[in-house]
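Below is one structure, written out as structure tokens; comments come after it.
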Amino acid sequence: MIRTQKRLQEPRRGKPVERKGRFLTVSGAPVKGLYGPGDTAGLDYDRDLGDPGRFPFTRGIHRTMYRGRLWTMRQFAGFGTAEETNARFRYLLSEGQTGLSVAFDLPTLMGYDADHPRARGEVGVEGVAVSSLADMETLFDGIPLDQVTTSMTINAPAIILFAMYLAVAEKQGVPLDRLSGTIQNDILKEYIAQNEWIFPPEPSMRLITDMFAYCSENVPCWNTISISGYHIREAGATALQELAFTLANGREYVRAGIAAGLDVDKFAPRLSFFFNSHNDLFEEVAKFRAARRIWARMMREEFGAKDPRSWMLRFHAQTAGCSLTAQQPYNNVVRTTVQALAAILGGAQSLHTNSLDEALALPTEETVRLALRTQQILAEESGVANTPDPLGGSYFVESLTNQMEEGVRQYFRRIDELGGVIPALEQGFFQREIAEAAYAYQQRVESGEQVVVGVNAHTVAEETPVSILRIGPEIEAKQRQRLARVRARRDEEQVRRALASVRHAAAGPGNLVPPVLEAVKAYATLGEIVDELRAVFGEYDEVRII
Amino acid sequence: MTPPTVLQRRIRVLVAKPGLDGHDRGAKVIARALRDAGMEVVYTGLRQTPEQIVNAAVEEDVDVVGLSILSGAHNTLVPQVLEGLKAQGAADIAVVVGGIIPDEDARHLKELGVAGVFGPGSSLAEIVSFIRKAARSR
């Protein structure tokens, strides 16, 4: 017999049975005292779950999941100049990492060359500085691009960095149809949460659909976008908001692709996703499972996609940077392990595990290795990869999965009422929702209701210092010299002509990838190409919310 | 006769995001907490140059400037704000820094004149009371 909720909450002999008044997930969602068959009544196995590899893919996108092939272990890395990061890449590959992931520095993300005044103090600090094709050539020196898959976290100027990657492949003699990897290219979440935008939404969406069209013809194995909830979550969103806003953005990209005249089944199979994997294990697993089901249904029913690959939501996961503490940093290894487990139980296709020192600085080689070993131990020793969707059928997890789906539908309705994603973000809707959730969380931490070990409970008087990676000011000087040499050596006339044709194409209806590719091959710099686009597209200004 | 009431001006704080860093979760949470504590808060928005921040601080006649930096560029940006305030004769405005600031750098910034540095995990109550004290001692 299943005890009722009521009986569990009744005091016995005048004492409360439960140790606190309410139990919440890390997102603040209430959790009941017990889940049973009543919570999953109406769940139909074939309709709502399906075997792994079958519509609606709730249990995973592959029939065998990790029995067939483990997830890709992909650590995000980048700092200093291209030389330093190239060395880190080679190190990670030698330690058994199976894919690359490039972190660019802030000037690169914002489309500034290393010698721009606004780049001062930021060159190579938060990622690797890439100002021209010469840097990209160094970054992948000795790494054959047909033998690795590469993920590049770049958004507003994504088209330019992508063109540089194509140019490196060409120089290595690798045909474009042998290239495989992912470019983040998700501008909507930049306006919503991560804030690295340059141009206004409309021309930014055009850059993205140009890349969809170009890749479907020329780089068929490339994931043209990584629709990202990660940053939305890091900015303070709940698990549900992360899921809802990310899928709403995904829906917007599909609509944009169709509006640009593309056949949905030509570009949808190359859409990929990127989620956060946070502390609350079951909530996270439910989020990943719901993501697949909602996406599959939407692609088939709303957009009429016919290719099963268009229905499948493939995702990369990264453990939650915002959950890491600067206090007692070794505790972060434990947090990361639980979060990585959630991603694996949730069926991730690739995974980044954060390093223990990331609330303090960029990780060192030693801490990155430990983070990678965490994945390897989960994969090879824990047994959790032995069978797909091991939590499927759990009353609790299925109930949470249903709640996630229902919550997403409600957010979709609100977003539609505001006129869609772009009008909603221009009205500050997402930004306000996220700021509210971030503040509510902080107040739970402040009151002690949400325990953060080492911060508001189980603290120590004296913290043990850990040694951190430092990026010296000499990196900026070195990068500026590299750039000066590029500028001195190139054919200025060729650069001028290439930049003019970028501007011309931006003002017209044609696809921008070919002229941008020509410009990077002429060693026009990132900043120069962005300036041409900015001249035509203009600049975005944020909606300020506090 | 009743004694004259001393009307104390509300504490004014400029919350600013210098440099290219787009991480604004902390800045927004702090701005909201300061406002809830009864202070007047001006938020600059993202990507302000040190010069823009100094001008805003002087124009808004704030008591405290809170700089939020998670990009690692603090050693370049914070001294520029301090120097700018000095140059405008506004060195009495207290500067507080929040973000990912290694201990060694925090010590250095305090030597240069930063009133306080708050890293990840700092409590809102602690920050509010620090800012209140810094403003009152102006």
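First the proteins, then the strands, lettered A, B, ... as listed; each starts at 1. Remember, it's a predicted structure, so these values are computed and weren't measured experimentally.
- Other residues, nucleotides and ligands contribute at most 12 non-hydrogen atoms within 6.0 Å of the CD atom of E366(A).
- Between R470(A) and D105(B), at least one side-chain N (NZ, or NE/NH1/NH2) sits under 4.0 Å from a carboxylate O, which counts as a salt bridge.
- Between chain A and the residues S122(B), G26(B), G19(B), A27(B), the largest count of heavy-atom pairs under 4.5 Å involves G19(B).
- Note that the CG atom of N195(A) and the CZ atom of R47(B) stand 6.5 Å from one another [nearest 0.5 Å].
- Ranked by non-hydrogen atom pairs under 4.5 Å with chain A, the options I101(B), N75(B), T44(B) are led by T44(B).
- At least one donor-acceptor pair under 3.5 Å links the side chain of E446(A) to the backbone N or O of A125(B).
- Residue contact with chain B, scored on non-hydrogen atoms closer than 4.5 Å, involves the backbone and the side chain of Q194(A) alike.
- Taking the side chain as every heavy atom from C-beta outward, D36(B) and Y439(A) approach each other to under 4.5 Å.
- Nearest heavy-atom pair, A326(A) versus P120(B), reported as atom, atom and distance to 0.1 Å: CB-CG, 4.1 Å.
- Of the inter-residue distances, the one linking E122(A) atom CD with D21(B) atom CG reads 7.5 Å to the nearest 0.5 angstrom.
- Under a cut-off of 6.0 angstrom, the local environment of CD in E126(B) is crowded, with over 12 non-hydrogen atoms contributed by other residues, nucleotides or ligands.
- Listed options Q327(A), H231(A), Q443(A) were ranked by heavy-atom pairs under 4.5 angstrom with chain B; first place goes to Q327(A).
- For the set L46(B), L70(B), D24(B), the count of heavy-atom pairs under 4.5 angstrom toward chain A peaks at L46(B).
- Residues P102(B) and I468(A) have side chains in contact (heavy-atom distance under 4.5 Å, counting atoms from C-beta outward).
- The parts of R118(A) that come within reach of chain B are both its backbone and its side chain, each placing non-hydrogen atoms under 4.5 angstrom from that chain.
- Remark: R32(B) engages E436(A) in a salt bridge, criterion side-chain N to carboxylate O under 4.0 Å.
- The part of L360(A) that comes within reach of chain B is its backbone (N, CA, C, O), which places non-hydrogen atoms under 4.5 angstrom from that chain.
- Minimum heavy-atom separation, Y43(B) to R544(A): O-CD, 4.2 Å.
- No other option in G121(A), P117(A), P465(A) has as many heavy-atom pairs under 4.5 Å with chain B as G121(A).
- Both the backbone and the side chain of A438(A) have a heavy atom closer than 4.5 Å to some heavy atom of chain B.
- P107(A) touches chain B through backbone and side chain together, each having a heavy atom under 4.5 Å away.
- Nearest approach of S71(B) to L106(A), heavy atoms of both residues: CB-CD1, 3.4 Å.
- Contact check for Y441(A) versus V29(B): no side-chain heavy atoms found under the 4.5 Å cut-off.
- Here the side chains of E126(A) and H23(B) are in contact, with some heavy-atom distance below 4.5 Å.
- E234(A) touches chain B through its backbone: at least one of N, CA, C or O sits under 4.5 Å from a heavy atom, while the side chain does not.
- Heavy-atom distances place the side chain of L77(B), and not its backbone, under 4.5 Å from chain A.
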